[in-house]
Amino acid sequence: MGWFSWDEIHETEEVALKEFFDGSSITRTPKIYKEYRDFIINKYREEPSRRLTFTEVRKSLVGDVCLLQKVFRFLENWGLINFAASSSEGEIPVVGDDERSKVKIEEGVPNGIRVVAMPNSIKPISALPSVGNSGDAADNGFKMPALASYSDVFAELMKHRGLVCGNCGEVCDSGHYKCTKDDLLICVKCFKNGNYGESKSVDDYKFNECFQNSGNHGALWTEAETLLLLESVLKHGDDWELVAQNVHTKTKMDCIAKLIEMPFGEIMLGSVQRKGNSSDLNGNLNNSKQVHLPSAEHQENAKSGVQHDEQTNENELNGDTENEGPPLKRKRIASLLGDDGSLMKQVAHISTMVGPHITAAAAEATIASLCEENSLSREIFDGEDECVTNGLLSPTADYEAKRYLIHFRVLEGEDSEIKERSSQSEDQDASCNKDDIPLTLRIRAAVATALGTAAARAKLLADQEDREVEHLLAIIIGTQMKKLNCKIKHFEHLEMIMKKKHAEMEELEEFLISERISVLQRALSAGVPRWRGHSFVKY
Amino acid sequence: MVMKGQASNSWKSTAVKFRMPTAENLVPIRLDIEVDDQKFKDAFTWNPSDPDSEIVVFAKRTVKDLKLPPVFVTHIASSIQSQLADFRSFEGQDMYAGEKIVPIKLDLRVNHTLIKDQFLWDLNNFESDPEEFARNFCRDLAIDDPEVGPAIAFAIREQLYEIAIQSVASARESRISKKGRRGAEYALASKAGSGAVDIVKLFGHKSSVLRKRKEWDVYEPIVDLLSNEEVDALEAREERIAR
């Protein structure tokens with residue numbers, strides 16, 4: 001179809017529509033053909049996705065409809081129009097006249113089907129006008145509305161650890177201590193508080209982890225074992241034999257399984273080559289599956305006064321980071337968003353799928369919920385920012401945001417250099433607040449910051465766009481003004497010319513009159529009698 | 001300046017023998033018979049080259065299919081025959097076949113569909129096809145009722161037939177007045193027909209074939225779907241007018 005050109009009429013057209021080119025009528029000339037053709041093509045291109053019908057154009061064209069139909073067909077067959085139109089609309093009835101009475105031809109889209117502009121869109125075709133998030137996620141069996149709090153989601157899971165403390169009667173959601181002598185279970189809180197029950201002491205209790213997944217070959221990992229495992233992984237890397245040896249009580253498969261289960265286990269596996277201090281897990285943090293990244297070179301001090309809710313928070317956090325954090329291939333069910341491999345990319349993807357207002361609202365709500373639910377994250381932000389006012393995120397503190405971004409990169413395990421840098425910068429940080437805050441919290445905070453940064457940048461971009469629009473508008477107005485000025489000048493010019501002409505005319509008139517007078521005078525002085533019956537020239 | 005057409009057969013600027021100016025020479029036949037308070041209305045196209053014996057066969061079949069009283073057979077047959085005879089009376093004669101573009105108007109109701117439309121038709125195009133136009137019409141406007149298409153085609157044919165008959169008369173006139181000048185062709189065109197358009201004005205060098213926007217409404221088809229009550233009301237009114 002490369003032959004078409006706006007400025008010319010090609011041979012193909014001349015041959016196919018020779019009526020226009022044989023000079024048989026003034027109603028059919030090349031000029032007329034070109035007008036028809038250009039109009040029809042332009043009309044189609046006004047909206048290429050819809051199928052242009054002949055009936056739509058023929059009202060705008062003067063000429064025999066049969067001939068117009070022929071031109072229209074020609075253009076359609078050669079793909080100059082309706083080439084991008086959806087073909088589901090408007091079936092061409094191929095059946096003959098006889099059959100038509102028997103066959104009902106469906107013209108137009110059947111009921112209940114909504115035709116989408118992009119045929120292969122991944123958006124669900126059913127009437128789902130809302131944000132794609134919930135719909136998309138729902139399709140994949142992991143129902144989590146994007147803006148729900150993690151406690152909503154994980155409350156269910158947490159209930160599974162349905163063990164009740166023998167002492168205080170609370171649900172041991174994070175782990176329990178089992179007495180080796182009896183079958184008594186006490187929760188962590190009681191253990192710490194020293195309520196061991198009658199005639200028992202600390203030693204009698206063995207810590208039991210509670211797993212979210214029970215599919216663990218029934219193996220229980222104690223704190224010590226987990227610690228050993230991590231150390232050996234760091235030391236030996238992929239050599240599972242050695243790792244298994246180190247962790248005496250567990251087999252090779254158990255080790256691998258356990259490691260994968262733990263959050264950021266993948267990261268660990270990937271970053272095993274990197275240098276990193278061994279993790280210093282304290283008891284508090286270790287009740288479930290919290291793991292230090294090898295990059296974390298901070299000493300975690302046990303907080304003796306840790307409140308109960310902080311613990312739960314941590315667990316919840318942990319659960320949440322499992323969900324929010326960078327690729328946990330185990331947990332993350334293949335979602336509509338694809339294996340993008342990064343949260344930000346996913347977020348970007350989602351935001352492209354929905355409208356800008358929705359994205360803005362989602363971003364706001366996400367940040368709000370992240371910060372509100374956990375006051376600690378506020379502390380983090382506050383603690384970090386010397387220069388920032390009390391607030392969750394300061395969109396203007398780009399530098400701050402960048403540091404957090406660096407944290408975030410660390411989480412993804414992208415670049416060890418950045419890691420070193422960040423670790424150094426963190427070391428320099430005098431605030432001891434920060435060190436005390438558990439890693440996962442920081443992770444969450446970083447995530448929130450990253451999202452916030454994205455939001456801030458989006459706002460900046462939007463502002464820029466606004467400014468550009470204003471600028472362009474000003475230019476337009478200026479141009480219009482110039483146009484008007486030109487016109488005014490033109491008219492003034494014309495007026496001037498008119499005046500001049502008028503003046504000239506008057507001069508001429510006067511001149512003529514004076515000539516007449518002189519002629520008359522000469523006539524009179526020559527003795528020509530005055531005319532009778534003629535009136536003097538009046539002016 | 002008009003040049004005699006050479007390249008395509010479908011446009012002729014010489015006089016031709018009378019026929020329907022369409023690809024298929026089909027005659028529009030209208031039936032409107034009332035016997036003893038029973039009415040029968042119909043409209044269809046007939047091929048004049050069919051043998052006349054077919055007329056009676058057709059009439060009988062119609063009466064049988066529609067369960068009309070047998071007296072209708074003769075009425076139907078005679079009506080068809082007389083209309084065909086009219087048609088044939090023109091057949092031997094010359095038809096003016098110059099440049100002629102006429103406006104065709106549609107204003108019809110078929111069951112529940114009301115159609116109003118207007119467009120231009122080249123009378124000189126002997127390859128024109130009202131049925132194809134009607135098919136495109138129904139398809140583009142997604143008209144479900146299968147009876148609409150044929151009704152539109154029929155309406156177009158009727159009007160073309162009318163105009164063709166008139167052009168026979170005008171051809172006769174031109175013969176009589178012996179006007180041989182080429183320029184007269186246009187004059188005849190404007191005289192003879194029921195408002196054929198002024199070709200020079202519309203297609204001439206200075207004008208554009210793109211219609212002015214304000215006229216788009218006039219030439220745009222209007223299709224209305226009526227409710228049952230509206231249909232009844234219209235039918236009642238039509239009957240009153242007919243009387």
ask   = At a heavy-atom separation under 4.5 Å, does B/Glu132 approach chain A through its side chain, its backbone, both, or neither?
value = side chain
ask   = Do B/His112 and B/Asp224 get their side chains close enough for a donor-acceptor pair, meaning under 3.5 Å?
value = no
task = Would you check if the distance from the ring center of A/Phe54 to the ring center of B/Phe137 is below 6.0 Å?
result = no
inquiry  = Taking side chain to side chain contact (heavy atoms under 4.5 Å, CB included) as the criterion, tell me which of B/Leu26, B/Ile80, B/Val27 meets it with B/Phe44.
reply    = B/Ile80
message = Are B/Trp46 and B/Phe58, when compared by the centres of their aromatic rings, separated by less than 6.0 Å?
response = yes
key: Which atoms of A/Glu35 approach chain B - backbone, side chain, both or neither, heavy atom under 4.5 Å   = both
Chain B interface, residue from A/Thr29, A/Thr27, A/Ile32 that has the most non-hydrogen pairs under 4.5 Å = A/Thr27
inquiry  = Taking side chain as everything from C-beta outward and backbone as N, CA, C, O, which of these in B/Asp217 sits under 4.5 Å from a heavy atom of chain A? Side chain, backbone, both or neither.
reply    = neither
